[in-house]
Amino acid sequence: MSYHEKVFSVTKKIPRGRVTNYGAIADFLALGSARMVGWALNQSHFREDIPAHRVVNSKGELSGRLQFTTPTLMQELLEKEGVEIVKDKVKNFKEHFWHPGDHLDQTLYE
DNA sequence: ATTGTGACATACG
DNA sequence: CCGTATGCCACAA
């Protein structure tokens, strides 16, 4: 299993309406670093089933939006899931943040 | 082997 | 807020 496939499998588990960042995934895998995740995710747009739009940088910015078929697609997908985007950044980033490995959706019980 | 290039993160000034 | 520096490591040339 190649590195990016591992990143993909983690990314695929990101719950709908939640987001995470590159460092968190790298940390969870305990392999490589955030750069590796960025590199891996860069390859992800070749795959259909990878919700790469749920992965943003540490500031909550949609840094990878330019890799999508259209620069606005990433934002549109997130908003469709209930994640508000303001100026290419996730609003209430902390609230929507998802820690890899957290299979329990905490906001589900609020 | 060496160099350049990343959808990054963190720290510092 | 911005620019720099550094750590990180896969991959192509």
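Bear in mind the structure is a predicted one, so any value in this text is a computation, not a measurement. Below, read A as the first sequence line, B as the second, and so on, with proteins coming before strands; counting in each chain starts at 1.
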What closest approach, in Å, do [X] and [Y] show between heavy atoms, and which atom pair accounts for it?
{"X": "A:T11", "Y": "A:P51", "answer": "O-CG, 3.3 Å"}
{"X": "A:M1", "Y": "A:K6", "answer": "SD-CG, 3.6 Å"}
{"X": "A:A26", "Y": "A:A34", "answer": "CB-N, 3.6 Å"}
{"X": "A:R18", "Y": "A:V83", "answer": "N-CG2, 4.5 Å"}

**Study point:** Proximal nucleotide (of B:dA9, B:dG6, B:dA7) relative to the A:N57 side chain
**Key:**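 Of all the options, the side chain of A:N57 is nearest to B:dA9.
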
Exercise for review: Please tell me which of the listed nucleotides, B:dT10, B:dA7, B:dG6, lies nearest to the side chain of A:S58?
Suggested key: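 When the side chain of A:S58 is considered, B:dT10 is the closest of B:dT10, B:dA7, B:dG6.
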
Exercise for review: Applying ring pair (Phe, Tyr, Trp, His ring centres under 6.0 Å), name anything that partners A:H96, two or more places apart in sequence or on another chain.
Suggested key: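 So A:H96 forms no ring pair (Phe, Tyr, Trp, His ring centres under 6.0 Å) with any residue.
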
Exercise for review: Name all pairs fulfilling the ring-ring contact (aromatic ring centres under 6.0 Å, His included) condition that reach into residues 30-78 of chain A, sequence neighbours left out, sorted by first residue then second.
Suggested key: A:H4-A:W39

Practice item. If a pair satisfies ring-ring contact (aromatic ring centres under 6.0 Å, His included) and one of its residues is in residues 75-95 of chain A, list it, with sequence neighbours excluded. Key: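 Qualifying pairs, neighbours excluded: A:F93-A:F97.
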
Check your understanding: If you pin A:S33 and A:H4 to their nearest nucleotides in DNA chain C, which one's is more 5'?
Key -> A:S33

Study note, to complete from the structure: Under a 4.0 Å heavy-atom criterion, DNA chain C is touched by chain A from C:dG7 to C:dC11

Let me know the distance between [atom1] of [X] and [atom2] of [N], rounded to the nearest Å.
{"X": "A:Q75", "N": "B:dA7", "atom1": "CD", "atom2": "C1'", "result": "16 Å"}
{"X": "A:K59", "N": "B:dA11", "atom1": "NZ", "atom2": "P", "result": "14 Å"}
{"X": "A:W39", "N": "B:dT5", "atom1": "CH2", "atom2": "C1'", "result": "13 Å"}
{"X": "A:E61", "N": "B:dT10", "atom1": "CD", "atom2": "P", "result": "13 Å"}
{"X": "A:Q67", "N": "B:dT5", "atom1": "CD", "atom2": "C1'", "result": "13 Å"}

Point to revise | Value rounded to 0.5 Å, distance of CE in A:M74 from CZ in A:R54 | key: 11.0 Å

Practice item. Determine the sole option in A:Q75, A:E76, A:K91 for which the side chain to side chain contact (heavy atoms under 4.5 Å, CB included) test with A:I85 is passed. Key: A:Q75

Exercise for review: Can you spot which of A:L41, A:V56, A:N57, A:N21 makes a side chain to side chain contact (heavy atoms under 4.5 Å, CB included) with A:S63?
Suggested key: A:N57

**Study point:** Neighbours of DNA chain B within residues 44-53 of chain A, by heavy-atom distance under 4.0 Å
**Key:** A:S44, A:A52

Check your understanding: Looking across every strand, which nucleic acid part, if any, lies under 4.0 Å from A:Y22 by heavy atom: base, sugar-phosphate, or nothing?
Key -> base

Review point. Can you hop from A:V55 to A:L78 via hydrophobic side chains spaced under 4.5 Å?
Key: no

Exercise for review: Taking only the side-chain nitrogens and oxygens of A:S63, find out if one of them lies under 4.0 Å from OP1 or OP2 of B:dA7.
Suggested key: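 Negative; the distance criterion is not met.
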
Review point. For DNA chain C, what string of dots and brackets results from 5' to 3' when Watson-Crick and G-U pairs need both distances under 3.5 Å, crossing pairs get [ ], and pairs with another strand get |?
Key: .||||||.|||||

